[in-house]
Every structure is written in structure tokens, then in C-alpha cells.
Amino acid sequence: MLRAVPLALTLLVCLAAPLESATLAPADLKTAAALRERALKGTEAWETVASLSTEVGPRLAGSEGDRAAVAWALDRMKAAGLANVRTQDVMVPQWVRGSIAVSILEPWPQHLVATALGGSVGTPEEGIEADVVQVPDIEALRALTRSEVEGKIVFINRRMERTRDGTGYGQAVVGRTQGANAAAPLGALAVVIRSIATGSERFAHTGTVTYRIDIPRIPAVALAAADADVLERQVATGKPVRLSLKLGSRDLPQVRSANVIGEIPGSDAAGEIVLLGAHLDSWDLGTGALDDGAGVAIVMEAARLVLEMKLNPRRTLRVVLYANEEFGLSGANVYANLGPEDLARHVLAMEADLGAGPVWRLDSRVADDALPMVHAIAGALEPIGVEVGKNTMEGGSDIGPLRRQGVPVLSLQHDAARYFDYHHTLNDTLDKVDRKALDQSVAAYAVAAYLAANAPADFGRLPPQPQQAPAPATAPAARR
Ligand SMILES: [Zn+2]
């Protein structure tokens, strides 16, 4: 755990910095404080999530809802007064969840609550019947021999740890994304996982399964936690457990979707861009209020408040609502396919995609020289409970392709302790979004974006890292 840097120490560091250019101007810090207080008085962010949840609802990439969301975002950005509102074409995969039926046949028959993992292939129409082999995690699966797995259904029974920063998810999710790739070469017929989740309510959590092109694709589904418990207890008796699985999932041809982009043009440094991102798509089960309706509302409202207060930032503030984050980062990869000049114009990127909990930590990945500016931004957020985090930020799936090309990033960490109770389920709905927490988040993003846009120096460049290969339609990239 990283320790918070007290405000006094932050100020001391800033005052002691040898270059004046490395600190933020007192006038900008004063304006940022006014912006922060304005947001805390109450924003329109909750109404924005309500509008998206109610008027659009689920918006799986390539679906009718996805198209409706693009139209909604264009209207909403224009209504907010953003300039240069436009779409950027993105081809996205289309996948249909289809019907599902999972039952224990022996030793004690029971139906289980389950859902397909995103991108899963279906079963033959008559379904699959096979014995279960249970493993505690993907590492244990990889240690099995072919004779232990062949002809069976693999059950990955990995529990996720509840953490404030969401790290439990990162540790557990590999079983979902890579389980099929690990099981199929051993001759497994299908993979069933315990939902990657912290809640115990009786619904299953979806999310992508990644298929490697050189490995046969097998069906992959998630069980609700309580149903994983039932399967676990039957397995624990030592009797052979036989499972039946019928899954109607299938792929359709790719279709056109779009990133939606709007800006507040900068004043004397308009050619430089501070990017605020979130993703417009959602899974099909809920209404995507938390993932990522909240993020969409936070970044749009942060920009709208800067306009409302007529702050005229030096650099251009660009809001990007990405297409198809959930199912392959399609929009992020298209957006980041920039020439060197356009890339160089991106001074900093931020992204909101960890639900609607209050922001509690500011992580970053910037050049070391720029750290005093990050600490000064954190100082402006200290009154709303934000502490300084690490400068080795890895997360941020939609801004990842920019970061790997050297664009510095800030990451405002939301309290994610409850987020994975609802994440990727039918229960991701508006009632989980707390108005006050959302306003606090808007305050944090607005202040950070405004100060970054007015910073006297840029945030340096990061050493380029290898890009992840863009995911083909049939093999969505692992994601948050
Ligand atoms: Zn998301």
C-alpha cells in the first residue's frame, strides 16, 4: 500500500523545486479550487447516467443499443456546448449471447444459474454432457495432464478478493480470459468458471473470453457464486459429477460503430491535447450504469463544468467516448493509430472506467521531471480525500494504446470495493450510482484535467512499450 503524501510535504516539494516551470501557477490552483467547490455543490452527472441508462440502456458493441448510444452521445456533447463534436468510424465485432442451460446431472441433479462469457462459441444444438474436473485456478489447470482433462468440462473455481483498488480482479480475471486456451489443448470440451466477482447474489458475471487463433475454441461460461458453491460441494463428496451444458452463443459479421469525440479548444496552446476518456459500449445484461455510464457522465460533466465556468484552458480538452472497450478495445486501437505529429500533440490522457465510487487516489505515469506537477494536482484534490499514489500506473484499457506509445497518463482511482458485486451483470443499473460520490468524482476529474491543461510544462514522454496486437473479432483482448 502506498502512503499518502501530506499536503504540507507536497507544498514543500513544490516550493523547493528548482524550476518554476515544474509547478502550477497559484492562480490556476485557485481556479481549480473554485471548480472543485462548484462540482461538490451538485452536478448533472447523475442525470447523464440516468439518461443513458433509461433512453439507451444496454449497448453491446454492434447492437441497436450501440448505434443508439452513438447518437445519444453526439446530441449530449452538442447540448453541453462542446466544440468539434464528431464521430470516428470503428469496425466492431458482433456477438450474440443466445440461450443457456447448465445442469448438474449426477450425483444430485440441479439447474445452475450461468451466463456465457463474451465471445464464447456455442455448443452443438444437443449440448454437451461430460464429467467435471475442478481446479482452484488456471495455474492448477496448466499443471494437469491430458488424461486428467480429455473429454471433460473444466471447472475453474477461483475466488476473487475484495479490494478497494480493484487489484483482486486483475489477479482472478486470467481464469476467465485464458481458461479456454489452457483447457482446450488438454482435450477439454468446455470451461465453466466461478464468476469473477465479489458479490454473492444469484446472477452470473460475464466478460470476455480470449481465444488464441492456434487453439480450438471451446464454450466458456460463468456460474453465479452460489451455483459455483453447489458444484463445489458436490465435487467435494468425491463422487463423479456430470454436467450438461447447452449454449446458443454465436458470432455475426463485423459492423460499423464509432468513437464519439468533442472538445473545449485551448487558448494559447490549442494544438496540445489533454484527453479525457470513457467507453460508450456496455455488456448486454444490465444497463451499463456503472460500466461505463458513470465514466461517460464523469468526463462529459467535467468538461461541461469547465465550459460553464468559462475557464478557457490553455490546452485543448478532448473528451473521447470509445467504441467497444468490453469486447476488444476496438475504439481505443483505432483512436491511437495516429501519425507521429498527432501523437506528439497528446500531452496527457486520463480515463474513467472503474465505476461510480468516490475517487481516493491519484496514480500516474509521467516523466520524473513532471512529478511535482502531479503532486500539486493531488494537493488540489486533497480536500476531497484524494491521496498521491504510484507513478507506475498500468491500468486504463482505453488509453493503454496511447500510453504504450509514450503518452503520459493520470489515473484517478475510484473506490472499487463494491464495484465487482455488480460488474458485467444484469444488476449493473442506475440505482447503484450514488449522486454525491459521482459529484466528487466529477470534481476530481475536472480539477485534474483543468490543471493539466493549464500546466506550465508538459508531462514529458514515456519510453515506448510494445503494443498489444489489435484483437481480431473472434479473439477479444483481455480487459478490465
Ligand atoms: Zn468498463
Side-chain angles (χ1 to χ4, degrees), residues 45 48-49 52-53 56-63 65-66 69 73 90 92-93 95 117-119 160 165-170 172-173 176-177 195-198 205-210 257 259-260 275-300 319-333 335 349-357 359 393-401 409 411-416 418-430 432-433 438 441 445 471 476-480:
T48 301
V49 191
L52 183 57
S53 308
V56 177
R59 43 200 183 276
L60 183 67
S63 68
D66 187 31
V90 178
V92 299
W95 171 81
L117 295 184
M160 175 187 158
D165 63 3
T167 47
Y169 182 72
V173 75
R176 188 192 79 210
T177 58
S195 284
I196 308 301
T198 46
H205 297 238
T206 192
T208 51
V209 54
T210 303
S257 181
N259 293 330
V260 183
L275 185 148
L276 275 173
H279 67 85
L280 195 51
D281 65 305
S282 77
W283 283 109
D284 50 333
L285 297 172
T287 61
L290 291 169
D291 187 11
D292 187 21
V296 166
I298 289 165
V299 297
M300 284 175 61
V319 175
V320 181
L321 302 183
Y322 289 96
N324 189 34
E325 187 269 355
E326 297 293 2
F327 203 56
L329 295 175
S330 312
N333 285 321
Y335 183 88
M350 300 168 61
E351 171 179 346
D353 186 15
L354 194 59
V359 173
M393 203 280 279
E394 279 292 346
S397 50
D398 274 323
I399 58 175
V409 292
S411 179
L412 288 160
Q413 295 294 319
H414 297 263
D415 187 329
R418 305 289 303 176
Y419 179 53
F420 294 99
D421 292 359
Y422 312 117
H423 181 251
H424 294 180
T425 71
L426 51 78
N427 211 17
D428 178 357
T429 50
L430 182 64
K432 316 304 179 309
V433 181
L438 203 60
S441 297
Y445 281 80
R479 66 146 315 275
R480 291 192 68 84

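Only a predicted model underlies this, so the values are computations on that prediction, with no experimental measurement involved. First listed ligand is number 1; within each ligand, the first listed atom is number 1.
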All salt bridge (Lys or Arg N to Asp or Glu O under 4.0 Å) counterparts of Asp66, not counting sequence neighbours: none

Atom of Asp291 closest to the Zn ion (ligand 1), considering N, O or S atoms: OD1

Whether Trp283 and His424 hold their rings parallel, tilted or perpendicular, with breakpoints at 30° and 60°: perpendicular

N, O or S atom within His279 nearest to the Zn ion (ligand 1), by name: NE2

Modelled atom types, side-chain donor and acceptor of Asp165 and Thr167, under 3.5 Å: yes

Sequence-distant partners of Asp421, salt bridge (Lys or Arg N to Asp or Glu O under 4.0 Å), two or more places apart: Arg162, Arg418

Name, closest N/O/S atom of Asp353 to the Zn ion (ligand 1): OD1

